[in-house]
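Contents: one structure, followed by commentary.
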Protein chains: 2
Amino acid sequence: MKWDTLDEEPCSLSRAVAVIGDRWTLLILRECFLRVRRFEAFQSSLQITRHLLSERLKKLVRFGILRRVPYSESPKRYEYILTQKGLDLYPIIMAMVHWGDTHMGDERGRPLLHEHKICGKLFDPVMVCSECGEPLQARQVHVHAGPGRDQAVG
Amino acid sequence: MKWDTLDEEPCSLSRAVAVIGDRWTLLILRECFLRVRRFEAFQSSLQITRHLLSERLKKLVRFGILRRVPYSESPKRYEYILTQKGLDLYPIIMAMVHWGDTHMGDERGRPLLHEHKICGKLFDPVMVCSECGEPLQARQVHVHAGPGRDQAVG
DNA sequence: AGACTATAGTTCCGAAATAGAACTGTCAAA
DNA sequence: TTTGACAGTTCTATTTCGGAACTATAGTCT
């Protein structure tokens, strides 16, 4: 498989995987949603090698998920901020966190709790149908070939 | 970073990443949700090397995401079926598909369309708050340390 | 019987990615 | 003038991956 052309496959999952389908990228995005923005901050909180961090940040910028914004002239310093495309990854991250909470927990309990500022309560993320609002289950979904069809995911 | 103990980190995202945080695993899961179950079928539809496929399937079985079920005695043959823990990955996969549809599309249009059998309509997956039912946005979520706290994701 | 096919892997080796540590460059503050 | 903060880059050893060939078990075809 050619990872360098995965983002052109006729499958939306492949295209997403091309961008965020590796361990470090997902962990970097976690930090982004926790408001981490600077090289040193990513590096020290993740213990990622500087080399890989540099490469991954470049990739995320290239794909339009992060913007590299100067926060200091002389010396020129930049920080990395989520674009709207990056912010839209939130459901993926939250879905993973929720799955981890549910299926990979230990006796210590959840590492983090999430409060919804709108309603003020601690919540779990739930994925629902945009049309009827019911929670989604794999069995209840039927897949059709779309215009850019070929293969893909249920 | 020690990938072999990532599943014990006090962070639910890390624990999820430990299991599904690589390209092949995510693509294999896509196939699972499309009802692919057998070694040869995975191999030919993904063009993954047999070596890696074998290793990834073992890992998914070890983590309880797939079950290895015999479908033939003599010769002994097995197929791989999603457990409930595996089925619960559906929101992650769907969130990724939806993000790919939204942000990585090309002129050909969506590769696949999803129909909700319950309401009969083509839909998009939407992530909502379990308490108030409103769609979730990163900005509207406040993170608290939980009992197994230390660090983790927003 | 012997050859061929199907399925589910395992083995081996060269190529690519990663980890770990050291090094570079710019500027401000002491 | 030296030190420290920050944001990287460069280098090498190790690990993982890709690609192809090989193994094993049994059924079917001639």
Side-chain angles (χ1 to χ4, degrees), chain A residues 1-7 9 14 17-29 31-32 35-63 66-82, chain B residues 1-7 9 14 17-29 31-32 35-63 66-82:
Chain A
M1 163 92 42
K2 50 293 138 181
W3 291 124
D4 45 335
T5 59
L6 197 61
D7 57 322
E9 293 270 305
S14 295
V17 165
V19 185
I20 61 165
D22 78 280
R23 283 141 124 98
W24 281 126
T25 298
L26 287 163
L27 294 174
I28 289 169
L29 288 168
E31 297 300 307
C32 292
R35 276 93 175 151
V36 170
R37 307 181 151 197
R38 299 188 181 175
F39 192 93
E40 295 295 320
F42 286 112
Q43 203 278 320
S44 69
S45 75
L46 289 174
Q47 297 297 104
I48 183 177
T49 65
R50 309 175 76 76
H51 177 71
L52 277 200
L53 176 57
S54 172
E55 200 194 61
R56 290 291 189 276
L57 289 173
K58 275 180 197 157
K59 192 177 94 175
L60 289 168
V61 169
R62 181 155 37 83
F63 277 111
L66 297 177
R67 258 176 313 138
R68 187 162 174 268
V69 180
Y71 70 91
S72 145
E73 304 293 323
S74 106
K76 273 267 184 192
R77 293 282 153 74
Y78 299 89
E79 55 189 6
Y80 296 87
I81 302 190
L82 286 165
Chain B
M1 163 92 41
K2 48 296 138 178
W3 291 125
D4 45 335
T5 60
L6 197 61
D7 57 322
E9 293 271 305
S14 296
V17 165
V19 185
I20 60 164
D22 78 279
R23 284 143 123 99
W24 282 127
T25 298
L26 288 163
L27 294 175
I28 289 168
L29 287 168
E31 298 299 307
C32 292
R35 276 92 175 156
V36 169
R37 307 180 151 197
R38 298 187 183 175
F39 191 92
E40 296 294 321
F42 286 113
Q43 203 278 320
S44 68
S45 76
L46 290 173
Q47 297 296 102
I48 183 177
T49 65
R50 308 175 76 77
H51 178 70
L52 278 200
L53 175 57
S54 172
E55 200 193 59
R56 291 291 188 276
L57 289 173
K58 275 180 195 155
K59 193 177 93 175
L60 288 168
V61 169
R62 180 156 36 83
F63 277 111
L66 297 177
R67 260 177 313 138
R68 188 162 172 271
V69 180
Y71 70 91
S72 145
E73 303 295 321
S74 105
K76 274 267 185 191
R77 293 283 153 74
Y78 299 88
E79 56 189 5
Y80 297 87
I81 302 189
L82 286 165

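Order of the sequence lines sets the chain letters (A, B, ...), proteins ahead of strands, with each chain counted from 1.
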Practice prompt. Using the closest heavy atom to pick a nucleotide of DNA chain D for each, name whichever of B:Glu73 or A:His51 lands nearer the 5' end.
Written response: A:His51
Worksheet item: With a 4.5 Å limit on heavy-atom distance, are the side chains of B:Tyr71 and B:Arg38 in contact?
Response: yes
Discussion item. Quick check for you: name the first and last nucleotides of DNA chain C, 5' to 3', having an atom under 4.0 Å from a heavy atom of chain B.
Written reply: C:dA6 to C:dG20
Worksheet, complete the sentence: The reported gap from CG in B:Leu6 to CD in B:Glu9 (rounded to nearest 0.5 angstrom) is 5.5 Å
Worksheet item: Out of D:dC17, D:dC6, D:dA26, which has the shortest distance to the side chain of B:Pro75?
Response: D:dA26
Worksheet item: Which part of the nucleic acid does B:Arg68 contact within heavy-atom distance under 4.0 Å: base, sugar-phosphate only, or nothing?
Response: sugar-phosphate
Discussion item. Which is more 5' along DNA chain D, the nucleotide nearest B:Ile48 or the one nearest A:Arg50? Just name the residue.
Written reply: A:Arg50
Practice prompt. Provide, to the nearest angstrom, the distance between the CD1 atom belonging to B:Ile28 and the P atom belonging to D:dC17.
Written response: 11 Å
Discussion item. Are the side chains of A:Asp22 and B:Asp22 in contact, using a 4.5 Å heavy-atom criterion?
Written reply: no
Discussion item. Rounded to whole Å, how long is the line connecting atom CG of A:Asp22 with atom P of D:dC17?
Written reply: 12 Å
Item to complete: Ignoring backbone atoms, test whether A:Tyr80 places a side-chain nitrogen or oxygen under 4.0 Å from the OP1 or OP2 oxygen of D:dC6.
Response: no
Worksheet item: Any side-chain heavy atom of B:Leu82 sitting closer than 4.5 Å to one from B:Leu66?
Response: yes
Worksheet item: Tell me: CG of A:Asp4 to C1' of D:dC17, nearest whole Å?
Response: 14 Å
Discussion item. Using OP1 and OP2 only, check whether a side-chain N or O of A:Lys58 sits under 4.0 Å from D:dA7.
Written reply: no
Item to complete: Just call it for B:Tyr71: base, sugar-phosphate, or nothing, with non-hydrogen atoms closer than 4.0 Å on any strand.
Response: sugar-phosphate
Discussion item. Measuring only between side-chain heavy atoms, which start at C-beta, is A:Arg77 closer than 4.5 Å to A:Phe39?
Written reply: no
Worksheet entry | Interatomic distance, B:Arg23 atom CZ to A:Arg23 atom CZ [nearest 0.5 angstrom] | 13.0 Å
Discussion item. Tell me the closest heavy-atom pair linking B:Ser45 and B:Glu31, and the distance in Å.
Written reply: OG-OE1, 2.9 Å
Practice prompt. Starting at atom CG of A:Leu52, determine the distance to atom P of D:dT15, rounded to an integer number of angstrom.
Written response: 16 Å
Worksheet item: Which comes earlier along DNA chain C counting from the 5' end, the contact point of B:Ser54 or that of B:Trp3, where each point is its nearest nucleotide?
Response: B:Ser54
Worksheet item: A:Leu53 CG to D:dC6 P: how many Å, rounded?
Response: 14 Å
Worksheet item: Are any of the side-chain heavy atoms of B:Arg37 and B:Tyr80 separated by less than 4.5 Å?
Response: no
Item to complete: For residues B:Trp24 and B:Leu46, determine if any side-chain heavy atom of one lies less than 4.5 Å from a side-chain heavy atom of the other.
Response: yes
Item to complete: Would you kindly give the CD-to-C1' distance between A:Gln43 and D:dA5, to the nearest whole Å?
Response: 14 Å
Discussion item. Can you measure B:Trp24 atom CH2 to D:dG18 atom P for me and round it to whole angstrom units?
Written reply: 6 Å
Worksheet, complete the sentence: Whole-Å distance, A:Phe42 CZ to D:dA7 P, equals 10 Å
Discussion item. So A:Ser74, base contact, sugar-phosphate only, or nothing? Heavy-atom distance under 4.0 Å.
Written reply: sugar-phosphate
Worksheet item: Just how large is the angle between the end axes of the helix from C:dA1-D:dT30 to C:dA30-D:dT1, five pairs per end, to 10 degrees?
Response: 10°
Practice prompt. Using a 4.5 Å cut-off on heavy atoms from C-beta on, say whether the side chain of B:Leu53 contacts that of B:Ile28.
Written response: yes
